[in-house]
A.B. asks: 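Mind having a look at this structure? Questions to follow.
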Amino acid sequence: MVQLLQVHGSENRFFILDQTQLKTQLTDAELSSLAIEICDENTGILNGADGVLVINDPKDKNCLGQMRVINADGSEAKMCGNGLRTVSRYLSEKFQQDSFSVETIETNLHVEKYPDLANNVPAFSVEISPISFKAEDLPFKYNDMSEMINQKIPEFLPGYTFTAIAVPNPHLISFVDEVDPEDLGSLGKYLNDPNPYFPEGVNVSFASILDNNKLFVQTYERGVGFTNACGTGMSATSLAFALLHPADFDENKEINVRNPGGMVKTKITLNDPKETSQIHLIGNATFTHTIELEEKDLHQLNFDDIKVEDTGEENDYQEFVKQVVK
Ligand SMILES: N[C@@H](CCC[C@H](N)C(=O)O)C(=O)O
C-alpha cells in the first residue's frame, strides 16, 4: 500500500507523495497527470488541492529529502513556501530531526521545527531563498527595465505600482489600500495566459498594510488561480514591504501576515545588496487526511479503491484561526 497525505499551510492545500515508498517512481508525465487528476476541485480527491508535493531521496546527502512542486495544472514550480513547511514536518517526523536542510530545484533550504502555534497546530520555520530582482530571473519584459521596483505599469492596472521578485519562483506585488479580488483575478489571469510581459507567468499578490509589521496578502497563483495563501508570495511581499515602507517596518520583530486561510509570520533581515537579504517564513504545517491506495492504482490514476482517514487536525487549526483573526 502507498500513503498520500492531504496537508495545508494557511489552507494552501497539497497532497504529499513520498516517492521513496514506491517500487517504481512516477515519471514526470505521470506526476503531471496525477496533479491534474487529484487536485481538481470537483473531480479530485477530497475536493482537490493547489498542487502535489513530491518527496524524493536527495541528491545531496546533506539534505534529509528533496521536494518537487507540481501545480494543480500539472506545471512544475521551483519553490513553494507553505508546502515546504508541510514537507519539513513530514521529514522531521520520518527521521526524528528538528533542524535540517531540504533540497529544492534551485538550492538547499534550512528548515526548523517551531513551537506549536496552538494546541495540535504544529509549525515550521523555513528559509526562502535565493532572492532576485533581475528581469531575466523572473523572467519579465517591460521596455528595457532591468528591475521592476515600485513601478507604475498602466498596462497592468492604471494607478497601481508593482514590484517583481523571484524567490526563486516569480512574484508580482502591489500594495493597495484594500485588496479587490476582482482586480487581482483579472490581472492574475491576464499575466498567466500568454502575454507580452511574463512569458512564464507569475504569481500575483495584492497586499494592504494593516499596521506596523502587519499585512494582509491575497494571491492569484500561477498554475492554480486564487489560493487561500501563497507562502513564497507572502515572503516576497514582506521583503517588498521592508524595502518600500521602512516607516511601517521594524526589523527586530516578525511581520504578521494575514491571508484568507489564516496567518503566517515572516522575519526579514535587510542586507546590502538587497538580494542578500534573508527571509524566514513561519506558519502551520497541518496534516488533514491520510489516503491509502495500491501502487498500481496510483500509476493508473485509479482512485476508486482509496481508504481515507481524517486526522482531526483541521478542527484545531480552525480554532487557532478563530483566535488570531478575532
Ligand atoms: N503556493 C506556493 C507556491 C506554489 C508555486 C506557484 N504556483 C508557482 O508556480 O510559482 C507557496 O506557498 O509558495
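Each ligand, and each atom within it, is numbered from 1 in the order the structure gives.
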A.B. asks: If you measure every N or O of Pro170 against every N or O of ligand 1, does any of those distances drop under 3.5 Å?
C.D. replies: no

A.B. asks: Is there a donor-acceptor pair closer than 3.5 Å between any side-chain N or O of Asn71 and the backbone N or O of Gly51?
C.D. replies: no

A.B. asks: For ligand 1, is there an N or O atom under 3.5 Å from any N or O atom of Gly231?
C.D. replies: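 Between Gly231 and ligand 1 (N or O atoms, distance only) the closest approach is under 3.5 Å.
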
A.B. asks: Heavy atom under 4.0 Å from ligand 1: found in Glu221's side chain, backbone, both, or neither?
C.D. replies: side chain

A.B. asks: Keeping the roles fixed (side chain from Asn195, backbone from Leu191), state whether a donor-acceptor pair exists under 3.5 Å.
C.D. replies: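 A pair under 3.5 Å: yes.
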
A.B. asks: Measure from atom 13 (O) of ligand 1 to every heavy atom in Ile70, Leu281, Thr232 and give the option owning the shortest one.
C.D. replies: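 The residue whose heavy atom sits nearest atom 13 (O) of ligand 1 is Thr232.
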
A.B. asks: Phe175 vs His245, test: ring-ring contact (aromatic ring centres under 6.0 Å, His included). Steps then yes/no.
C.D. replies: CA-CA 10 Å; Phe175 288 92; His245 298 274; 4.8 Å; yes

A.B. asks: Counting heavy atoms only, which of Pro168, Cys80, Ala229, Gly223 is nearest atom 2 (C) of ligand 1?
C.D. replies: Cys80

A.B. asks: Mind checking whether Asp50 contacts ligand 1 via backbone (N, CA, C, O), side chain (CB onward), both or neither, at a 4.0 Å heavy-atom cut-off?
C.D. replies: neither

A.B. asks: Which of the atoms of ligand 1 are close to Asn203, meaning less than 4.0 Å from one of its heavy atoms?
C.D. replies: 6 (C), 7 (N), 8 (C), 10 (O)

A.B. asks: Checking contacts here: is it the side chain or the backbone of Met79 that comes within 4.0 Å of ligand 1, counting heavy atoms only? Could be both or neither.
C.D. replies: backbone

A.B. asks: Indicate, as side chain, backbone, both or neither, the part of Asn82 found under 4.0 angstrom from ligand 1 when only non-hydrogen atoms are considered.
C.D. replies: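 Contact part for Asn82 vs ligand 1: both backbone and side chain.
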
A.B. asks: Report, in ascending order of atom number, the atoms of ligand 1 lying under 4.0 Å from any heavy atom of Ala77.
C.D. replies: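 Answer, ordered by atom number: 5 (C), 8 (C), 9 (O), 10 (O).
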
A.B. asks: Run the contact test for Thr227 against ligand 1 with a 4.0 Å cut-off on heavy atoms, strictly below, and give the result.
C.D. replies: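 Heavy atoms of Thr227 never come under 4.0 Å of ligand 1.
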
A.B. asks: Less than 4.0 Å is my threshold; does some heavy atom of Cys230 fall inside it relative to ligand 1?
C.D. replies: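 Per 4.0 Å heavy-atom rule, Cys230 contacts ligand 1.
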
